[in-house]
Amino acid sequence: MTSWLSRPLADFHLLLAIFGMLTVLGLVMVLSASAPGQVASGVSAYSVFQKQLIYVCIGAVLFWVMLRFPLRKLRHFSTAAMGIGVVLLALVLTPLGDVRGGARSWFTLGPISFQPIEAVKLALALWGAHVLVTKRALLSQYRHLLVPVVPVAMLVFALVMLQPDLGGTITLGVVLISLLWFVGAPMRLFGVIAGGAVAGAVVLAIGATYRLQRVTSFLNPDADPDGAGHQARQAMFALADGGLFGKGLARGSSQWRYLPNVESDFIFAVIGEELGFVGCGLVLVLFGGLAWVGLRIASRNTDPWIRIVSATLTVWLVAQAAINIGYVVQLLPVTGLTLPMISSGGTSIVTTMIVFGILANCARHEPEAVSALRSLGPGRVGGLLRLPAPEAYRPPAKRKPVRPSTPPRAPGRSRTQQLPVMDERRMAGRSAPPSEYRRRDSRRTQGRSEQGRSTRGRGRSN
């Protein structure tokens with residue numbers, strides 16, 4: 001196993017395996033979780049699954065595009081992507097946006113709907129890494145470390161909270177903190193961020209009734225079993241019914257309208273009920289493997305932008321999965337985040353597959369992988385996907401020190417008057433006029449030579 005992991009493309013192949021297993025598991029669980037509820041509603045049992053399959057196909061195409069897309073161009077386009085994302089977040093608050101679930105966070109164009117917040121998370125990771133790497137020589141100063149990344153992130157937070165979307169704000173915060181952490185920000189800055197996050201969470205919880213109900217139901221789920229605590233209680237019942245190996249696919253009872261949002265926010269409860277503890281353990285192993293492989297990709301790269309991007313994207317996906325699983329098992333309050341690659345949701349699955357494509361592209365840019373792909377060819381997977389050879393990292397050329405310019409001549413003076421006055425000791429031996437210092441020095445030399453001659457003469461006479 002150790003020898004296999006030391007191969008140049010081990011991270012790339014591991015990431016593809018995790019990506020494929022999560023994709024298949026997600027499609028199976030979406031079908032199993034949504035079919036009974038759709039039948040009870042009088043529609044086709046495959047309606048939700050068909051939409052999810054279409055989005056997975058779109059995401060697979062974009063995954064392949066990201067595998068082929070040069071990372072240098074991706075970094076170059078990150079600034080424009082961030083600007084477009086901020087504009088879309090502002091437009092979604094206008095009547096152009098659609099309200100779903102009490103939040104104006106959707107654009108609907110006929111049968112297609114998407115959330116701009118998902119694209120903005122990715123744009124913030126790419127653009128923030130670009131800015132911080134560009135200014136890495138000045139990051140010891142707080143004004144260069146924080147500006148403009150933190151002000152732009154605060155603007156995005158404000159636009160998302162106006163929708164309102166607490167889950168999107170949390171994941172944006174994860175992306176921002178990851179950027180600052182992997183760029184090497186001082187620890188006291190994270191202490192300030194943690195204090196501000198706690199204060200903001202308290203203010204947000206008190207400022208809205210439904211958020212306060214989520215907090216109180218988390219502290220005491222039995223206080224309102226048919227209201228705010230209904231989802232959490234039903235999720236725990238589903239996990240308890242699953243046991244070790246589960247009841248089997250499509251044999252659970254949660255999807256028969258006992259658990260709301262069963263195919264999206266609480267799909268982990270369905271996995272626990274139908275696949276049991278073994279199925280839940282498989283999900284945890286896959287996301288744990290994603291965390292290990294993603295951080296390994298970051299550590300094995302030499303390009304600082306690729307290092308920060310791959311680490312930030314990995315933390316984003318794993319943290320979102322941890323939050324989703326955490327509130328299903330009642331370790332965290334309900335926030336409404338989807339389980340990446342598994343939950344139903346078009347924008348979420350497409351964005352997550354794009355992130356996997358970028359991570360796989362970063363894995364192919366490891367120095368050993370670049371050397372192997374350029375010398376031995378693309379290999380079976382690269383040949384099947386028709387992937388181009390990655391470019392080797394070239395550090396930016398060091399700038400030569402600028403020579404001081406010649407001062408302008410003063411009007412009315414000759415060229416000889418503009419020359420600097422040199423030390424007479426440096427002018428010794430040149431055609432310089434004799435000075436008092438040189439005369440004294442020559443007299444001392446002559447005196448020493450005459451004294452030496454007289455001493456040698458006395459020694460001969462003796």
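FYI, side chains are in, hydrogens and waters are out, and symmetry mates aren't considered; it's all heavy atoms of this structure. Since the structure is predicted, the reported quantities are computational estimates derived from the model, not experimental observations. Along the sequence shown, residues are numbered consecutively beginning with 1.
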(request) Evaluate the side-chain contact (heavy atoms from CB on, under 4.5 Å) criterion for residues K247 and D241: first the C-alpha distance (whole Å), next the side-chain angles of each, then the deciding distance (0.1 Å), finally the verdict. (result) CA-CA 8 Å; K247 297 180 177 180; D241 290 341; 3.8 Å; yes
(message) Tell me whether the count of non-hydrogen atoms from other residues, nucleotides or ligands lying under 6.0 Å of CZ in F245 goes above 12.
(response) no
(request) Could you tell me whether a side-chain N or O of T312 sits under 3.5 Å from a main-chain N or O of I308, the two making a donor and an acceptor? (result) yes
(message) Quick check: do L122 and W316 have side-chain heavy atoms less than 4.5 Å from each other?
(response) yes
(message) Main chain of S310, side chain of T314: is a donor-acceptor contact present, judged purely on distance under 3.5 Å?
(response) yes
(request) Using the side-chain contact (heavy atoms from CB on, under 4.5 Å) rule, pick out the option among L71, I354, V61, V355 that qualifies with M66. (result) I354
(message) Using 0.5 Å steps for rounding, measure from the CG atom of L176 to the OG1 atom of T171.
(response) 11.5 Å
(request) For V92 and S105, work out which heavy atoms get closest and say how close. (result) CG2-C, 3.6 Å
(message) Measuring from atom CG of L138 to atom CZ of R143, what distance do you get when rounded to the nearest 0.5 angstrom?
(response) 8.0 Å
(message) Please determine whether the number of non-hydrogen atoms from other residues, nucleotides or ligands lying under 6.0 Å from atom CE of M161 exceeds 12.
(response) yes
(request) Mark yes or no for whether Q330, through its side chain, and A232, through its backbone, hold a donor-acceptor pair below 3.5 Å. (result) yes
(message) Distance check, rounded to the nearest 0.5 Å: T23 atom OG1 versus F356 atom CZ?
(response) 7.5 Å
(request) Would you mind telling me which of R75, M82, K135 makes a side-chain contact (heavy atoms from CB on, under 4.5 Å) with H130? (result) R75
(request) Spell out, as yes or no, whether a donor-acceptor pair under 3.5 Å connects the side chain of R364 to the backbone of P388. (result) yes
(message) If you apply the rule side-chain contact (heavy atoms from CB on, under 4.5 Å), what do you find for L275 with V283, and how did you get there?
(response) CA-CA 11 Å; L275 302 181; V283 174; over 6 Å; no
(request) Please examine the side chains of F266 and V334, heavy atoms only from C-beta on, and report whether any two atoms are closer than 4.5 Å. (result) yes
(request) Without swapping roles, check the side chain of R300 against the backbone of P367 for a donor-acceptor pair under 3.5 Å. (result) no
(message) Show the nearest heavy-atom pair for residues R374 and E391, with the distance to one decimal.
(response) NH2-CA, 3.7 Å
(request) Verify the neighbour count for atom CZ of R72: are there more than 12 heavy atoms of other residues, nucleotides or ligands below 6.0 Å? (result) yes
(request) For the pair L126 and F77, evaluate side-chain contact (heavy atoms from CB on, under 4.5 Å) and give the outcome as yes or no after the intermediate values. (result) CA-CA 9 Å; L126 301 178; F77 293 146; over 6 Å; no
(request) Mind running side-chain contact (heavy atoms from CB on, under 4.5 Å) on E118 and T352 for me, showing each step along the way? (result) CA-CA 9 Å; E118 297 294 335; T352 307; 5.8 Å; no
(message) I'd like to know if the side chain of N301 reaches the main chain of C362, judged simply by a donor and an acceptor atom lying under 3.5 Å from each other, with no hydrogens or angles considered.
(response) yes
(message) Tell me whether S113 contacts the main-chain N or O of T108 through its side chain, where contact means a donor paired with an acceptor under 3.5 Å.
(response) no
(message) Within the 4.5 Å heavy-atom criterion, are L22 and F287 side-chain neighbours or not?
(response) yes
(message) For T338, is there any backbone N or O sitting under 3.5 Å from a side-chain donor or acceptor partner on Q320?
(response) yes
(request) Please examine the side chains of V133 and R136, heavy atoms only from C-beta on, and report whether any two atoms are closer than 4.5 Å. (result) yes
(message) When you compare the side chain of T347 with that of I117, does any pair of heavy atoms fall below 4.5 Å?
(response) no
(request) Measure the CG-OG distance between L27 and S344 for me, rounded to the nearest 0.5 Å. (result) 10.0 Å
(request) Go through E273 and S253 one step at a time and tell me if the side-chain hydrogen bond (donor to acceptor under 3.5 Å, both in side chains) criterion holds. (result) CA-CA 8 Å; E273 184 178 13; S253 58; 3.2 Å; yes
(request) Report the distance from atom CG of L67 to atom CG of L16, rounding to the nearest 0.5 Å. (result) 7.0 Å
(request) Taking H365 for its side chain and N361 for its backbone only, find out whether a donor-acceptor pair lies under 3.5 Å. (result) yes
(message) Between L15 and D11, is there a side-chain heavy-atom distance shorter than 4.5 Å?
(response) no
(request) Measure the spacing between CD of E274 and CD1 of I267 and express it to the nearest 0.5 Å. (result) 9.0 Å
(message) Could you tell me if the side chain of M353 sits less than 4.5 Å from the side chain of V56, heavy atoms only?
(response) yes
(request) Indicate yes or no: at least one non-hydrogen side-chain atom of L295 is less than 4.5 angstrom from one of F182. (result) yes
(message) Has Y327 got a side-chain atom pairing as donor or acceptor with F218's backbone, closer than 3.5 angstrom?
(response) no
